[in-house]
Amino acid sequence: MAEDEDSLYVLTAVLLTPAQFPSVLGDDYPAACERLGLKPFAEGYGLVLGQDRAGARWTVVSEDVTQVACAVAAWDCGMEFDLSPEERYVVGVLPGWPLALSVSAPGVPEPHDPGQEPVVEENGTVLCPPDTSEWGPAQRRLGADEIALQWAQWRAQVEEDVEFVETGADPDPEVRRVLEEVRAYVDTPPPPGRIRSAFASGEARTLRADGPGWSVVARTDDIAFVLLDEAPGEVRPVGRGEELPNLLSALDGIAVRPAA
């Protein structure tokens, strides 16, 4: 971090790739990129969020995904990592933050949007986090994130005899509709990032699928959970049954995966 007027005090960083992107930004990778005004290149980006010496919020967009991934991994392990994006890899410096942060840099003014400097006018609208104050797409996706992170806790709340909702069966037409849309992804793959596969315990994978108004979280060796925009705060379990294993296996076969 250089000690000059262009210094950026790095607070955090996230990946923006087809396999790993902040779900709150969109149902898929292209949608997340569009929110930041970026082209959805297959290689993806690293986003570095920080403050300048005046306390203004800035997001540095880097093509050096490996460097950002190493920094995130190190911080997750409680290790230090000096993340200073090289200028040759920086493809943009955007005003504001696309995500909500509860931290700030010490010794500088409180985080605030930049003023109307030329760089702000050049890059357009100041970035701001999606509104999650009320139930909607952003909060629904955050809910799905939480289930994926806390799978064991959510799984423990579900009765073992939950039945798989067959196509055309009652009593939950909303879940039936979602499952039909998920099945359609197998025949017609959706935009990158709509189906993601991540590591789970043992040989299982954690699957995440999103679509218009819904999110699905599942483990390939277990059940699934469905969240709907039209059902605020509800989490609907889908039992394993006879069909779900094959569906999850097919989805895992077309899902994008994070680099090893």
Side-chain angles (χ1 to χ4, degrees), residues 17-34 40 135-152 154-155 157-201 203-258:
T17 70
Q20 293 176 277
F21 60 89
S23 299
V24 70
L25 298 180
D27 284 328
D28 51 53
Y29 171 64
C33 287
E34 182 179 4
W135 185 263
Q139 196 177 91
R140 177 249 304 166
R141 292 190 293 263
L142 286 178
D145 288 346
E146 182 65 19
I147 293 174
L149 288 173
Q150 306 292 336
W151 178 267
W154 284 92
R155 183 64 177 89
Q157 301 178 39
V158 178
E159 296 293 336
E160 291 295 336
D161 60 353
V162 163
E163 295 294 334
F164 181 71
V165 180
E166 301 284 353
T167 301
D170 291 328
D172 198 331
E174 292 85 5
V175 171
R176 183 179 68 230
R177 172 181 57 81
V178 170
L179 294 176
E180 291 172 349
E181 292 186 24
V182 172
R183 288 189 187 97
Y185 283 172
V186 178
D187 297 324
T188 306
R194 285 258 177 129
I195 308 174
R196 288 171 279 163
S197 176
F199 296 106
S201 59
E203 297 182 357
R205 305 286 299 184
T206 296
L207 292 180
R208 172 67 176 275
D210 294 279
W214 55 263
S215 293
V216 174
V217 185
R219 273 184 52 134
T220 53
D221 64 346
D222 206 348
I223 67 171
F225 292 99
V226 174
L227 294 85
L228 302 161
D229 282 356
E230 61 201 68
E234 293 185 19
V235 178
R236 304 186 182 186
V238 180
R240 193 154 176 82
E242 296 182 357
E243 291 190 28
L244 189 62
N246 291 334
L247 176 59
L248 297 182
S249 177
L251 291 175
D252 190 43
I254 63 174
V256 291
R257 302 186 174 203

**OP:** Identify the heavy atoms of G239 and L244 that sit nearest to each other, and give their distance.
**Re:** O-CD2, 3.5 Å

**OP:** Look at atom CD of E34 and say whether more than 12 heavy atoms of other residues, nucleotides or ligands are closer to it than 6.0 Å.
**Re:** no

Original post:
Hey, is the main chain of D229 close enough, under 3.5 Å, to the side chain of R140 for a donor-acceptor pair?
Top reply: no

**OP:** Give the ring-plane orientation class for F225 versus W151, where under 30° counts as parallel, over 60° as perpendicular and anything between as tilted.
**Re:** perpendicular

**OP:** Using only heavy-atom distances, determine whether the side chains of R205 and T220 contain a donor-acceptor pair under 3.5 Å.
**Re:** no

Original post:
How long is the gap from CG on L25 to CZ on R141, to the nearest 0.5 Å?
Top reply: 8.0 Å

Subject >> Atom pair CD (E243) and CZ (R183), whose distance is rounded to the nearest 0.5 Å >> reply: 5.0 Å

Subject >> V216: which of I195, V226, L227, L179 passes side-chain contact (heavy atoms from CB on, under 4.5 Å) >> reply: V226

**OP:** Please report the shortest heavy-atom distance between P212 and Y185, naming the atom on each side.
**Re:** CD-OH, 4.4 Å

**OP:** From the options L248, L207, T206, select the one residue that forms a side-chain contact (heavy atoms from CB on, under 4.5 Å) with R219.
**Re:** T206

**OP:** Look at the side chain of R240 and the backbone N and O of I223, then say whether any donor-acceptor pair between them is shorter than 3.5 Å.
**Re:** no

Original post:
Are the charged groups of D222 and R155 less than 4.0 angstrom apart, N to O?
Top reply: yes

Original post:
Under the 3.5 angstrom rule, does the side chain of W135 hit a backbone N or O of L228 as a donor-acceptor pair?
Top reply: yes

Original post:
Within a reach of under 6.0 Å around CD of E230, are more than 12 heavy atoms found that belong to other residues, nucleotides or ligands?
Top reply: yes

Original post:
How many angstroms lie between CD in E146 and CH2 in W154, if you round to the nearest 0.5 Å?
Top reply: 7.5 Å

Subject >> Minimal non-hydrogen separation, P30 against P40, with atom names >> reply: CA-CB, 4.0 Å

Subject >> R196 to F21, cation-pi by 6.0 Å centre distance and 45° axis angle >> reply: yes

Original post:
Roughly how far, to the nearest 0.5 Å, is the CG atom of N246 from the CD atom of E242?
Top reply: 9.5 Å

Original post:
How many angstroms lie between OG in S249 and CG in D221, if you round to the nearest 0.5 Å?
Top reply: 12.0 Å

Subject >> Over all atoms of both residues, closest heavy-atom pair of A224 and A218 >> reply: CB-CB, 3.6 Å

**OP:** Kindly give the heavy-atom pair with the smallest separation between V256 and A19, and that separation in Å.
**Re:** CG2-CA, 3.7 Å

**OP:** Enter the distance from D27:CG to S215:OG here, rounded to the nearest 0.5 Å.
**Re:** 6.0 Å

